[in-house]
Amino acid sequence: MTTPTNRNAAGFPKSEDLQIQAETFANDSWTWAQSHWLQILIAAGVAIAVFFLLHAIKGWGARLCRKGEGVANWYAIIGRAISKTGNFFILMTSIRLVTGYAGPPQMVESTVEFLFTISAAFQCAIWLRELIFGAIEHKTSADNYHGSGLASALGIIRILITVVLFAIAAVMVLGNLGVNVTGLIAGLGVGGIAIGLAAQGIFANLFAALTILFDRPFRVGDKIRFDRNSGTVVSIGLMSTRIRSFVGEELVFSNKQLLDKLIENLSLRHHTRTKLPIGVAYETPVEKLEALPAMFKEIVETAGGTLSRASTEGFGASSIDFVIEFDVEGDDVPHAQQVRDRIIFAILRKFAAEGISIPYPTQTSYTAAPDGKFILPYPEEVKA
């Protein structure tokens, strides 16, 4: 038996209607208990069994969390979410599963449905919060994000996630209460837009930090280069990233500003390529010039590099120009420079042994006497 209710301007039932509903609920419940006492006892027994079964699953989630050793893996994330299951949700789930068998009156069934909806809405918000935050923690804890500034900002991220999820749950509960939530949703939307416009810089950097966290264009400890700056990433914070330049100073860039640039991650470089031009004197015999590429390849491989190119570049002003390009595995630039030095010294020794010279630009000046005769820069030969 149900009684129509009148509502006030805010959408809530009036106090007189609430009193009538309470009396009706009590009378219907007493009549139902007298006529269905056996079904109620059976349903209560099943509900108790379900209650303890769900509690056992909650305990299993706590043990799974301990098995995962903190937040390092998904065992801990899933186990922690299960262990956050509330007792009120377990109770209402147990009752909701057996109400159909006991055949309760409409008002009792509606009350159980209402309380179950409230518990389920907030419980789902708690589960989603733990799963989302666990995923963020998992990313933060992995791949050299330990101790970074972003890890210390997870508390703020958790607050934002909690506020959003519980606001959605509260709107759902108010809707089930019969409250007109259209105005509330519109107000929240306008307020959210106003806050977003006022703090768009903060949110832009926050989302940029999450992009760095999940997309991982670079990590703490990586060597990067962008614009005319280069250095090692020291920390990744909620608002900014700090980079220690190769010449010593610390550079601070906002996360959004940094992601808007072309970033070269030097730590992910497969190899370091070096270009080395060499000029050979025109007086060098052609046979020796033709043998130079094979000579360069042997020298490069002996020094620890991999030859990519060794060929002529063209005719220079005072030399025949060759170019050597070689690769050194890894991203260690100082090591690549050491290999380059060994190659240069080995070429000098080999050229000296083969009698090949590396010319440099020279100029010879001539002067003339008043009669126009050249004055040679060296003594003339005395004829016998």
> Please determine whether residues Leu251 and Leu266 belong to a single hydrophobic cluster, defined as Ile, Leu, Val, Met, Phe, Trp and Tyr linked transitively by side-chain heavy-atom distances below 4.5 Å.
no
> What verdict does the side-chain contact (heavy atoms from CB on, under 4.5 Å) test give for Phe253 and Thr241, after you've listed the backbone C-alpha separation in whole Å, the side-chain angles of each residue and the deciding distance to 0.1 Å?
CA-CA 5 Å; Phe253 289 87; Thr241 297; 5.5 Å; no
> Can Glu249 and Ser245 be counted as having a side-chain donor-acceptor contact under 3.5 angstrom?
yes
> Check whether any side-chain heavy atom of Arg273 lies under 4.5 Å from a side-chain heavy atom of Ser308, and answer yes or no.
yes
> Would you please test Ile356 and Leu292 for side-chain contact (heavy atoms from CB on, under 4.5 Å) and show each step?
CA-CA 10 Å; Ile356 302 174; Leu292 285 181; 4.0 Å; yes
> Shortest non-hydrogen contact from Asn265 to Pro217?
ND2-O, 2.9 Å
> When you look at Phe89 and Trp127, which way does the side-chain contact (heavy atoms from CB on, under 4.5 Å) test go after all the steps?
CA-CA 12 Å; Phe89 172 74; Trp127 283 339; 3.7 Å; yes
> Side chain of Asp222, backbone of Val233: donor and acceptor closer than 3.5 Å?
no
> Tell me the closest heavy-atom pair linking Lys261 and Gln257, and the distance in Å.
CG-O, 3.4 Å
> For Thr85 and Ile90, what are the C-alpha separation, side-chain angles and deciding distance, and is it a side-chain contact (heavy atoms from CB on, under 4.5 Å)?
CA-CA 7 Å; Thr85 304; Ile90 294 176; 3.8 Å; yes
> Would you give the length of the straight line joining atom CG of Leu258 to atom CG of Asp227, rounded to the nearest 0.5 angstrom?
9.5 Å
> Starting at CZ of Phe315, measure out to CD1 of Ile320 and round the result to the nearest 0.5 Å.
6.0 Å
> Is the Phe296 ring parallel, tilted or perpendicular to the Phe351 ring (thresholds 30°, 60°)?
tilted
> Does atom CZ (Arg349) have a neighbourhood of more than 12 heavy atoms from anything else shown, all under 6.0 Å?
no
> Is the closest side-chain heavy-atom distance between Ile243 and Phe218 below 4.5 Å?
no
> Are Val252 and Ile263 linked, directly or through intermediate hydrophobic residues, by side-chain heavy-atom contacts shorter than 4.5 Å (ILVMFWY only)?
no
> Please say whether more than 12 non-hydrogen atoms of neighbouring residues, nucleotides or ligands are located less than 6.0 Å from CD in Glu329.
no
> Shortest non-hydrogen contact from Pro359 to Gly279?
CD-O, 3.7 Å
> Could you give the distance from OG1 (Thr306) to CD (Glu301), rounded to the nearest 0.5 Å?
7.0 Å
> Which of these passes side chain to side chain contact (heavy atoms under 4.5 Å, CB included) with Val333: Gln338, Lys223, Arg269?
Arg269
> In Å, rounded to the nearest 0.5 Å, how long is the span from NZ of Lys297 to OG1 of Thr302?
11.5 Å
> Identify the two heavy atoms, one from Lys350 and one from Met295, that lie closest to each other, and give their separation to 0.1 Å.
CG-SD, 3.3 Å
> Do Val280 and Phe345 belong together in a cluster built from hydrophobic side chains that touch within less than 4.5 Å?
yes
> Between Phe88 and Leu115, what is the shortest heavy-atom contact and its length?
CE2-O, 4.0 Å
> Counting C-beta onward and ignoring hydrogens, is there a side-chain heavy-atom pair between Thr272 and Asp332 closer than 4.5 Å?
no
> Using only atom types and a distance under 3.5 Å, with no angle test, would you say the side chain of Arg225 pairs donor to acceptor with the backbone of Asn229?
no
> Same cluster or not: are Ile358 and Val300 linked, directly or through other Ile, Leu, Val, Met, Phe, Trp or Tyr residues, by side-chain heavy atoms under 4.5 angstrom apart?
yes
> If you measure from CG on Asp321 to OG on Ser311, what distance do you get to the nearest 0.5 Å?
11.5 Å
> Verify the neighbour count for atom CD of Glu264: are there more than 12 heavy atoms of other residues, nucleotides or ligands below 6.0 Å?
yes
> In the single-linkage hydrophobic clustering (I, L, V, M, F, W, Y; side-chain heavy atoms under 4.5 Å), do Ile278 and Leu307 co-cluster?
yes
> Within the distance-only criterion (no hydrogens, no angle test), does the side chain of Gln123 pair as donor or acceptor with the backbone N or O of Gly86 below 3.5 angstrom?
yes
> Closest approach of Ala303 and Val339, non-hydrogen atoms and distance?
O-CG1, 3.8 Å
> Using a 4.5 Å cut-off on heavy atoms from C-beta on, say whether the side chain of Thr274 contacts that of Val328.
no
> Rounded to the nearest 0.5 Å, what's the gap from OG on Ser357 to CD on Glu283? Could you check?
6.5 Å
> So do Ile324 and Ile299 actually touch side chain to side chain, heavy atoms under 4.5 Å?
no
